[in-house]
S.K.: 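A single structure is presented below for examination.
Because the structure is a prediction, the values reported are computed rather than measured.
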Amino acid sequence: MTVRVRFAPSPTGHLHVGNVRTALFNWLYARKQDGTVILRIEDTDLERSTIESEQMIFQDMEWLGLDWDEGPDKGGEFGPYRQSERQEIYAAHAQQLLDEGKAYYCFCTPEELEAERVKAAAENRPPKYNRKCLSLTEAEVNEKLASGIPASIRFKTPDNETVFWYDIVKGKTEIPTDVIGDQIIVRASGVPRYNFAVVIDDHLMEISHIVRGDDHVPNTPLQLLIFRAFGWEEPKFAHLSMIVGEDHARLSKRHGATSVNQFREQGYLHEAFINYLALLGWSPGEGEEKLQVDKLIEKFSLKKVNSSPAVFDVKKLNWLNAGYIHELDDEKLANLLIPVLQDGGFLPGELTKSIKTWMIQYASAVKTNLVTINDVLNEFKLLTEFEPSAIESGSEEYTIITEEGVGKLIGQLQDEIGEIPPVDKDKYREMMGSLMSKAERKGKKLFHPIRIAVTGRLSGMELDFLIPLLETGSKLDLPVKILPLDERLNRIRKHFFK
Ligand code: GLU
């Protein structure tokens, strides 16, 4: 079977976690089956749809590496791929249903319909159209149309039937037609409703599998009835469960970032984000969680998608992101860190060769301390912020730096720096070796006071990375200066040992 799937966003803003997970599952399925991915823009809601949003969707998809084979920008045999450009197609199909007596014109005014709804609510009935216009004669209909009375088109839903389908995710799903009623498929303005346009498109675009959020389950029976009314083959359906926050409420802004661009701006890597999204409702099994996209494709199966709600777990996303950052090549990581540090005012707009080289060393050193790329803004302060007076008395740092003999140790360290400037790891080791024998200290007794003396803090990256970075970084022309080692030690001495 030729697999053709579609991702059909409405262009009303950036992609959200829910619809991007839908896009991903469509994409993984199609790529696994050597199928075709269609990007269709569902812009029949003319007031809310914008071309800027369409661009944002393209950008979000591109950032994630989710490509498509047919779409408004790519073309294809089954276009146009924007619903707003398919009006004539919908009109012709609506006419066909009218001609076959499977749909009918409705001239009821919004006020009449509203009054009906209120009445139904008062009588505890479901708000279903009362079929007033179904009984109009052909002559009456023609007369009303000729006199220009606004007319919508309603689909004639068969009574007392049950529509069911075998959902790949949810299993057999059934809904009685009585709850559906005769719904409007084309508005009086001539604009088709979603439930109609989607069926025409899915058929004409030869979609084999509809993979979408389970908020569309209530729409599926009407769509199936429309497929059947035309005598068209029905696609297969896979409805993905919703994504909830840790409190099990539907994921919303309240839970933090929810749109793809927010995650990108917060410094998540697309590899990690894709990997994480794939785990929302699906599992590769055998306790595996960290998988690159080619492995995801290899292992993906729609049949194994879980039908219960998927909990969005930021901790797991963070864990994956840290893992992917850790594996990045130093230069690649540096290239991701540089723009963030430039925006933060820590690096100049134009980088000299020596700054670039230094940044690669820095990337290598900071790698294991980052959960997101943006964490570098905080980590970098270890190099640029240094204030001995901020070491509060009573703190562990204070206790260590004021211990007996530390003043002397700092003097000895300064002598060593004079002789062996620690510009790289080897020089650093040489210097520390020499200091160790002169100061007769080792382990924590040596490293803790030194760490505090050069950074003011007890935590941070390994000293064998940090100390050379401070020494070489201080020689660079940066907007926020990195204090050289010697200057730091002078300040510490002045503050604590004068
Ligand atoms: N445009 C619809 C949405 O944004 C998608 C409809 C569908 O997948 O059938 O939810």
S.K.: For a quick check under 3.5 Å, do N195 and Q223 share a side-chain donor-acceptor pair by atom type?
M.R.: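 Side-chain D/A pair, N195 to Q223: present.
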
S.K.: Out of curiosity, R264 CZ to D60 CG, how far, rounded to the nearest 0.5 Å?
M.R.: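 Spacing of CZ (R264) from CG (D60) equals 5.5 Å.
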
S.K.: So which pairs with a foot in residues 15-40 pass salt bridge (charged side-chain N to carboxylate O under 4.0 Å, His left out), sequence neighbours left out?
M.R.: R31-D67, R31-D69, R40-E42, R40-D201, R40-D202

S.K.: So do the side chains of E385 and T455 get within less than 4.5 Å of each other, counting heavy atoms only?
M.R.: no

S.K.: Give a yes-or-no answer on whether the side chains of H270 and W63 include a donor-acceptor pair shorter than 3.5 Å.
M.R.: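 Side chains of H270 and W63: no pair found under 3.5 Å.
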
S.K.: Indicate the atoms forming the closest heavy-atom contact of K367 with D330, along with that distance.
M.R.: NZ-OD1, 2.6 Å

S.K.: If you define the side chain from C-beta out and look only at heavy atoms, does anything of V423 sit under 4.5 Å from P468?
M.R.: no

S.K.: Within the structure provided, determine whether L280 and D313 are in side-chain contact (heavy-atom separation under 4.5 Å).
M.R.: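 Sidechains of D313 and L280: no contact.
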
S.K.: Show your reasoning for whether side-chain hydrogen bond (donor to acceptor under 3.5 Å, both in side chains) applies to D73 and Y81.
M.R.: CA-CA 9 Å; D73 57 332; Y81 293 93; over 6 Å; no

S.K.: Any donor and acceptor pair, going by atom type alone, linking the side chain of Q183 with main-chain N or O of I180 inside 3.5 Å?
M.R.: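 Answer holds: yes.
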
S.K.: Once rounded to the nearest 0.5 Å, what's the spacing between atom CG of L469 and atom CE of M461?
M.R.: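 Spacing of CG (L469) from CE (M461) equals 6.0 Å.
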
S.K.: Answer yes when E288 and K299 have at least one side-chain N-carboxylate O distance shorter than 4.0 Å, and no when they do not.
M.R.: yes

S.K.: Around atom NZ of K481, are there more than 12 heavy atoms from other residues, nucleotides or ligands closer than 6.0 Å?
M.R.: yes

S.K.: For the side-chain contact (heavy atoms from CB on, under 4.5 Å) test, which of L337, L476, I338 pairs with L347?
M.R.: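 Only match with L347 under side-chain contact (heavy atoms from CB on, under 4.5 Å): I338.
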
S.K.: Ignoring hydrogens, what is the shortest heavy-atom contact between I175 and P218? Give both atom names and the distance.
M.R.: CD1-CA, 4.4 Å

S.K.: If we check side chain to side chain donor-acceptor pair (under 3.5 Å) with R4, which of these qualifies: H209, E70, Q33?
M.R.: E70

S.K.: Any chance CD of E331 has more than 12 other-residue heavy atoms, nucleotides or ligands included, within less than 6.0 Å?
M.R.: no

S.K.: Rounded to the nearest 0.5 Å, how far apart are CG of L251 and OG1 of T258?
M.R.: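 Between atom CG of L251 and atom OG1 of T258 there are 6.5 Å.
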
S.K.: List the residues meeting side-chain contact (heavy atoms from CB on, under 4.5 Å) with S301, not counting sequence neighbours, and say none if there are none.
M.R.: K303, K304

S.K.: Determine, stepwise, if the pair R48 / D45 fulfils salt bridge (charged side-chain N to carboxylate O under 4.0 Å, His left out).
M.R.: CA-CA 6 Å; R48 293 179 60 221; D45 183 346; 3.8 Å; yes

S.K.: Closer than 3.5 angstrom, by distance alone: can the side chain of S49 be matched with the main-chain N or O of L46 as a donor-acceptor pair?
M.R.: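 No; zero donor-acceptor contacts below 3.5 Å.
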
S.K.: Side chains of T372 and D375: any donor to acceptor distance under 3.5 Å?
M.R.: yes

S.K.: For F273, give me all partners under ring-ring contact (aromatic ring centres under 6.0 Å, His included), at least two apart in sequence or on another chain.
M.R.: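 Once residues adjacent in sequence are excluded, the partners of F273 under the ring-ring contact (aromatic ring centres under 6.0 Å, His included) criterion are F263.
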
S.K.: Answer yes or no: does atom CD of E233 have more than 12 heavy-atom neighbours from other residues, nucleotides or ligands under 6.0 Å?
M.R.: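 For E233, atom CD is not crowded (no more than 12 foreign heavy atoms under 6.0 Å).
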
S.K.: Could you pull out every donor-acceptor pair under 3.5 Å between side chains of residues 237-247 and any protein atom, sequence neighbours left out?
M.R.:
| residue | atom | partner | partner atom | Å |
| --- | --- | --- | --- | --- |
| H239 | ND1 | D167 | OD2 | 2.6 |
| H239 | NE2 | R212 | NE | 3.0 |
| H239 | NE2 | T220 | OG1 | 3.2 |
| S241 | OG | S308 | O | 3.0 |
| D247 | OD1 | A249 | N | 3.1 |
| D247 | OD1 | H255 | NE2 | 2.8 |
| D247 | OD2 | R254 | NH1 | 3.4 |
| D247 | OD2 | H255 | NE2 | 3.4 |

S.K.: With no hydrogens and no angle check, do the side chains of S53 and T50 hold a donor and an acceptor under 3.5 Å apart?
M.R.: yes

S.K.: Atom OG1 in T12, atom CD in E47: separation rounded to 0.5 Å?
M.R.: 13.0 Å

S.K.: To the nearest 0.5 Å, tell me how far T22 OG1 sits from F7 CZ.
M.R.: 6.5 Å

S.K.: Is any side-chain heavy atom of W358 less than 4.5 Å from a side-chain heavy atom of T352?
M.R.: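 Side chain of W358 against side chain of T352, heavy atoms only: no contact under 4.5 Å found.
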
S.K.: Could you check whether atom CZ of R228 has more than 12 heavy atoms from other residues, nucleotides or ligands sitting under 6.0 Å from it?
M.R.: yes

S.K.: Could you tell me whether Y276 and Y268 have their ring centroids closer than 6.0 angstrom?
M.R.: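 Ring centres of Y268 and Y276 not closer than 6.0 Å.
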
S.K.: Test your reading of the model: is there a side-chain donor-acceptor pair from T173 to the backbone of G171, 3.5 Å cut-off?
M.R.: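 Looks like yes, one N/O pair under 3.5 Å.
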
S.K.: Check whether N26 reaches the backbone of V211 with its side chain - one donor and one acceptor, N or O, closer than 3.5 Å.
M.R.: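 Pair found, side chain donor or acceptor close to backbone of V211.
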
S.K.: With a 4.5 Å limit on heavy-atom distance, are the side chains of K332 and N335 in contact?
M.R.: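 Side chain of K332 against side chain of N335, heavy atoms only: no contact under 4.5 Å found.
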
S.K.: Please table the atom pairs, donor to acceptor, closer than 3.5 Å between any side-chain atom in residues 394-401 and protein atoms at least two apart or in another chain.
M.R.:
| residue | atom | partner | partner atom | Å |
| --- | --- | --- | --- | --- |
| S395 | OG | E392 | O | 2.6 |
| S395 | OG | Y398 | N | 3.2 |
| T399 | OG1 | S395 | O | 2.9 |

S.K.: Who are the ring-ring contact (aromatic ring centres under 6.0 Å, His included) partners of H216, not counting sequence neighbours?
M.R.: Y194

S.K.: Looking only at atom types and distance, does a side-chain atom of S283 sit under 3.5 Å from a main-chain N or O of L279, one as donor and one as acceptor?
M.R.: no

S.K.: Within a strict 4.5 Å, meaning less than it, do heavy atoms of the F465 and S364 side chains meet?
M.R.: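 Side chain of F465 against side chain of S364, heavy atoms only: contact under 4.5 Å found.
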
S.K.: How long is the gap from CH2 on W282 to CG on N306, to the nearest 0.5 Å?
M.R.: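 One gets 13.0 Å once the value is rounded to the nearest 0.5 Å.
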
S.K.: For the residue pair G181 and T157, what are the closest heavy atoms and their distance?
M.R.: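 Minimum heavy-atom separation between G181 and T157: O-OG1, 2.7 Å.
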
S.K.: Please check if atom NZ in K170 has more than 12 non-hydrogen atoms from other residues, nucleotides or ligands closer than 6.0 Å.
M.R.: yes

S.K.: Do the side chains of E487 and F386 get nearer than 4.5 Å, heavy atoms only?
M.R.: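 No; the side chains remain at least 4.5 Å from each other.
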
S.K.: For R488 and V454, indicate whether the former's side chain and the latter's backbone hold a donor-acceptor pair under 3.5 Å.
M.R.: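 Side chain of R488 to backbone of V454: a pair is present.
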
S.K.: If I compare all heavy atoms of F25 with all of L277, which pair ends up nearest, and what's the gap?
M.R.: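 Here F25 and L277 meet closest at CE1-O, 3.8 Å.
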
S.K.: Decide if atom CG of D294 counts as having more than 12 heavy atoms of other residues, nucleotides or ligands within a radius under 6.0 Å.
M.R.: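 Atom CG in D294 is packed in, count exceeds 12.
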
S.K.: Check the orientation of F230 and H93. Use parallel for under 30°, tilted for 30 to 60°, and perpendicular for over 60°.
M.R.: perpendicular

S.K.: Is it true that, when you exclude K74 itself, more than 12 heavy atoms of the residues, nucleotides or ligands shown sit nearer than 6.0 Å to its NZ?
M.R.: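 Enclosed: over 12 neighbouring heavy atoms sit under 6.0 Å from NZ of K74.
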
S.K.: Taking all non-hydrogen atoms of both residues, which atom of L485 and which atom of L470 are closest, and how far apart?
M.R.: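 In this case the closest contact between L485 and L470 is CD2-CD1, 4.0 Å.
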
S.K.: With no hydrogens and no angle check, is any side-chain donor or acceptor of D43 less than 3.5 Å from a backbone partner on Q83?
M.R.: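 Between the backbone of Q83 and the side chain of D43 there is a qualifying donor-acceptor contact (under 3.5 Å).
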
S.K.: Is a side-chain donor or acceptor of D214 paired with a backbone partner of V217 at a separation under 3.5 angstrom?
M.R.: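 A pair under 3.5 Å: no.
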
S.K.: Any donor and acceptor pair, going by atom type alone, linking the side chain of N275 with main-chain N or O of Q292 inside 3.5 Å?
M.R.: no

S.K.: Any side-chain heavy atom of W232 within less than 4.5 Å of one from I226?
M.R.: no

S.K.: Can you confirm whether K290 is buried at NZ, in the sense that more than 12 heavy atoms of other residues, nucleotides or ligands lie under 6.0 Å from that atom?
M.R.: yes

S.K.: How close do D477 and P348 get, heavy atom to heavy atom, and via which atoms?
M.R.: O-CG, 4.2 Å

